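Inspection log for the structure reproduced underneath, given as structure tokens.
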Amino acid sequence: MAMPEKNGSTIGYVARNFLLCLFVFTTVLFALSCYFVLRSTAHNRFLSSTFQSKSFARDPSLKDDCRCVEDEKRRGPLKVFMYDMDPEFHFGLLNWKPEGGGSVWPDVHKFIPPYPGGLNLQHSIEYWLTLDLLASEYPNGPRPIAAKRVYNSTEADVIFVPFFSSLSYNRFSKVNPHQKTSRNKDLQGKLVAFLTAQEEWKRSGGRDHVVLAHHPNSMLDARNKLFPAIFILSDFGRYPPTVANVEKDVIAPYKHVIKTYQNDTSGFDSRPILLYFQGAIYRKDGGFVRQELFYLLQDEKDVHFSFGSVRNGGINKASQGMHNSKFCLNIAGDTPSSNRLFDAIASHCVPVIISDDIELPFEDVIDYSEFSVFVRTSDALKENFLVNLIRGITKEEWTRMWNRLKEVEKFYEFHFPSRFDDAVQMIWQAIARKVPSVKMRIHKSRRYSGSVSDAGKESRWSSLIPRSFW
């Protein structure tokens, strides 16, 4: 009877040793796993600790110019095919008419149809881009170009749709008494019918088309039907992400309406106003913050916060006010963006951006924190938070941002003819950076276009397949 006890103790001993070995093995395996995980992330942790928390100081080693567009320049200008659309979609909206039934385009060497001024100008990118394409056709131009018009769509990187949608909205969105629908809505319907009938649209599903809709209310009727295209927008405030998003589309700057500060020799001490805002105070949607900030800041002696408009010399007053201010508020209104940011840049007035959902032009190549102050809405609405933050920025920090503003302002200036790295060329370069992802989406959409359909139709590969296969 002693033998069973000995066998039982032996089995228990083996079991304990087995469990102990299993525990040691799993512990060692866990430790090794942690080691390799930490090792794989060590580089990122080093970067985080090396680059200190964001300050207003700019790294002096950084170059003055936009630093990440050299690849586009080495590849040459973007190749753009532009539809020869009826003038009713573009310069006809400016009352231009072809002479004697000739070309649908004006000869920009001889005459450039003028664009209306005032607030119309802020959403005029469609005008500048179209002019730039027309000018690119002329040989031996004295300037570098970022985009060149081509006449064979199969050679093009993108297909440009020359519809002046913002101008159409600003001028023709109201329904006249003798009309059932507005001219703006009619043009959008014609545009959709035209584009979807084109071989270029069918070939890519519209993915390589560039559609301009810079005014937030432009293309309201057509945007949901043309959503595969690359939209050029001011922000995404009135678009669902399935229609427009930062991966697919391009954010372009407004054209500033205040005067550019030429030969700016001002400085911290010669700008007496600490913080400046002039504009509409009572706004809908996200613009409620303007009203709240007005109540918080109205009694601060060196803060200018008042209602203003373009009437009665409003633009000149705003120019003088911004030129005399250290910081200029850019607050969300009806949409996340507004022209004040670009007015501030042109004034060399350090922007204070209070707009949580804002997307900024060219932010993949421009670091806005080098010349702007970002404040979360929830923080800005705390009593004394904003004023204390701005007063805490030293003269040296402000001067660094002011100097950087003078370096980057050229990226937001619109010219005809376009100039090296001006707003027109920067937009073309931003479009060029979308081309690889556009091509990938087009190629992926063709994955199964060569398969035999259930209806028994022959595919585009049918000529390569022996007839006996069918």
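Quick caveat: nothing in here was measured; it's all calculated off a predicted structure.
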Practice problem: Take His123 and Tyr169 through the ring pair (Phe, Tyr, Trp, His ring centres under 6.0 Å) test and state the conclusion after the steps. | Solution: CA-CA 11 Å; His123 297 294; Tyr169 172 79; 9.1 Å; no

Practice problem: Could you walk me through whether His90 and Phe163 pass ring pair (Phe, Tyr, Trp, His ring centres under 6.0 Å), step by step? | Solution: CA-CA 5 Å; His90 43 84; Phe163 175 40; 9.6 Å; no

Quiz item: Under the side-chain contact (heavy atoms from CB on, under 4.5 Å) criterion, do Thr181 and Val175 qualify, and how do the steps go?
Solution: CA-CA 6 Å; Thr181 58; Val175 180; 5.5 Å; no

Exercise. Apply the test side-chain contact (heavy atoms from CB on, under 4.5 Å) to residues Leu297 and Leu386: give CA-CA distance (whole Å), side-chain angles for both, the deciding distance (0.1 Å), then the verdict.
Key: CA-CA 9 Å; Leu297 300 174; Leu386 184 60; 4.1 Å; yes

Quiz item: Given the rule in the side-chain contact (heavy atoms from CB on, under 4.5 Å) test, do Phe231 and Val250 qualify, once you have shown the distances and angles that lead to the verdict?
Solution: CA-CA 6 Å; Phe231 287 137; Val250 171; over 6 Å; no

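The side-chain tip of Arg223 points at the ring of Tyr239 from less than 6.0 angstrom away and within 45° of straight on.
Salt bridge status for Glu199 with Lys202: absent, with no side-chain N to carboxylate O gap under 4.0 Å. Remark: Lys382 engages Asp379 in a salt bridge, criterion side-chain N to carboxylate O under 4.0 Å. For Asp157 and Lys434, the salt-bridge test fails: no basic side-chain N is under 4.0 Å from an acidic carboxylate O. Ionic pairing of Arg433 and Asp364 is present here: one or more N-O contacts between side-chain nitrogen and carboxylate oxygen are shorter than 4.0 angstrom. Checked for salt-bridge contact, Asp208 and Arg203 miss the test: no charged N lies under 4.0 Å from a carboxylate O. Looking at Lys190 and Glu88, a side-chain N of the basic residue comes within less than 4.0 Å of a carboxylate O on the acidic one, giving a salt bridge.
Heavy-atom minimum distance, Ser325 versus Gly321: OG-O, 2.6 Å. Considering all non-hydrogen atoms of both residues, Phe362 and Ile427 come closest at CE2-N, 3.9 Å. Considering every non-hydrogen atom in both Glu126 and Ser166, the closest pair reads OE1-N, 3.2 Å. Across all their heavy atoms, Phe111 and Pro106 have their closest contact at O-CB, 4.0 Å. Across all their heavy atoms, Phe89 and Leu187 have their closest contact at CE2-O, 3.4 Å. Considering every non-hydrogen atom in both Ala346 and Ile258, the closest pair reads CB-CD1, 4.2 Å.
Here the side chains of Val373 and Leu389 are in contact, with some heavy-atom distance below 4.5 Å. For the pair Ile159/Ser153, a side-chain contact is recorded, criterion being any heavy-atom separation below 4.5 Å from C-beta on. For the pair Lys255 and Trp128, the minimum side-chain heavy-atom distance is below 4.5 Å. No side-chain heavy atom of Phe236 sits under 4.5 Å from any side-chain heavy atom of Asp357. Counting only heavy atoms from C-beta outward, the side chains of Trp105 and Pro98 never approach each other to under 4.5 Å. The side-chain heavy atoms of Val438 and Val158, taken from C-beta on, include no pair separated by under 4.5 Å. Side-chain contact between Leu275 and Val352: present, with at least one pair of heavy atoms (C-beta onward) separated by less than 4.5 Å.
If you check the side chains of Ser369 and Asp367, you find a donor sitting under 3.5 Å from an acceptor. No side-chain N or O of Asp132 forms a donor-acceptor pair with one of Tyr127 less than 3.5 Å apart. Side-chain N/O atoms of Thr394 and Trp398 include no donor and acceptor closer than 3.5 Å. A donor-acceptor contact under 3.5 angstrom links the side chains of Ser337 and Asp235, judged on distance only. At a cut-off of 3.5 Å, with distance as the only test, a side-chain donor of Glu413 or His256 sits close to an acceptor on the other residue. For the residue pair Gln278 / His304, a side-chain donor-acceptor distance below 3.5 Å is found, with atom types taken as modelled.
The number of heavy-atom neighbours closer than 6.0 Å to NZ of Lys97, taken from other residues, nucleotides and ligands shown, is 12 or below. Counting non-hydrogen atoms of other residues, nucleotides and ligands closer than 6.0 Å to CZ of Phe227 gives a total of 12 or fewer. Counting non-hydrogen atoms of other residues, nucleotides and ligands closer than 6.0 Å to CZ of Arg419 gives a total of 12 or fewer. The environment of Lys148 atom NZ is dense: over 12 non-hydrogen atoms of other residues, nucleotides or ligands sit within 6.0 angstrom.
Lys248 NZ to Arg207 CZ: the interatomic distance, rounded to the nearest 0.5 Å, is 10.5 Å. One finds the CZ atom of Phe172 at 12.0 Å from the CG atom of Asp186 (value rounded to the nearest 0.5 Å). Rounded to the nearest 0.5 angstrom, Arg290 CZ and Ile331 CD1 are separated by 6.5 Å. We find the CZ-OG distance between Arg149 and Ser136 to be 8.0 Å, quoted to the nearest 0.5 Å. Within the model, atoms NZ of Lys185 and CD of Gln179 stand 12.5 Å from one another, a figure rounded to the nearest 0.5 Å. For the atom pair CD1 of Ile232 and CD1 of Ile230, the computed distance is 6.5 Å after rounding to the nearest 0.5 Å.
Ring planes of Phe305 and Phe294: tilted class, angle from 30 to 60°. Between Tyr412 and Phe371, the two ring planes are perpendicular [angle over 60°; tilted spans 30° to 60°].
Asp302 pairs with exactly one of Arg391, Arg271, Lys326 by the salt bridge (charged side-chain N to carboxylate O under 4.0 Å, His left out) rule, that one being Arg391.
Not one N or O on the side chain of Arg238 forms a donor-acceptor pair closer than 3.5 Å with the backbone of Asn217. Judged by distance alone, with hydrogens and angles left aside, the side-chain atoms of Thr399 form a donor-acceptor pair with the main-chain N or O of Lys395 at under 3.5 Å. Judged by distance alone, with hydrogens and angles left aside, the side-chain atoms of Thr260 form no donor-acceptor pair with the main-chain N or O of Gln262 at under 3.5 Å. Not a single donor-acceptor pair under 3.5 Å links the side chain of Glu383 to the backbone N or O of Leu296. Ser338 contributes a side-chain N or O that, together with a main-chain N or O of Arg340, makes up a donor-acceptor pair within less than 3.5 Å. Between the side chain of Asn120 and the backbone N or O of Gly117, at least one donor-acceptor pair lies under 3.5 Å. Proximity of a side-chain donor or acceptor of Asn176 to a complementary backbone N or O of His178 within less than 3.5 Å is not detected. Although no hydrogens or angles enter the test, the distance criterion places no donor-acceptor pair under 3.5 Å between the side chain of Asp422 and the main chain of Ser418. Side-chain atoms of Asp221 never come within 3.5 Å of backbone atoms of Gly189 as a donor-acceptor pair (strictly under, hydrogens ignored). In this structure, the side chain of Asn184 does not engage the main chain of Ser173 through any donor-acceptor pair within 3.5 Å.
Ring centroids of Phe374 and Tyr368 are separated by 6.0 Å or more, keeping the two rings apart. Aromatic rings from Phe160 and Trp428 are positioned such that their centres are separated by under 6.0 Å. In this structure, Tyr254 has its ring center under 6.0 Å from that of His214. Aromatic pair Tyr83/Phe81: ring centres closer than 6.0 Å.
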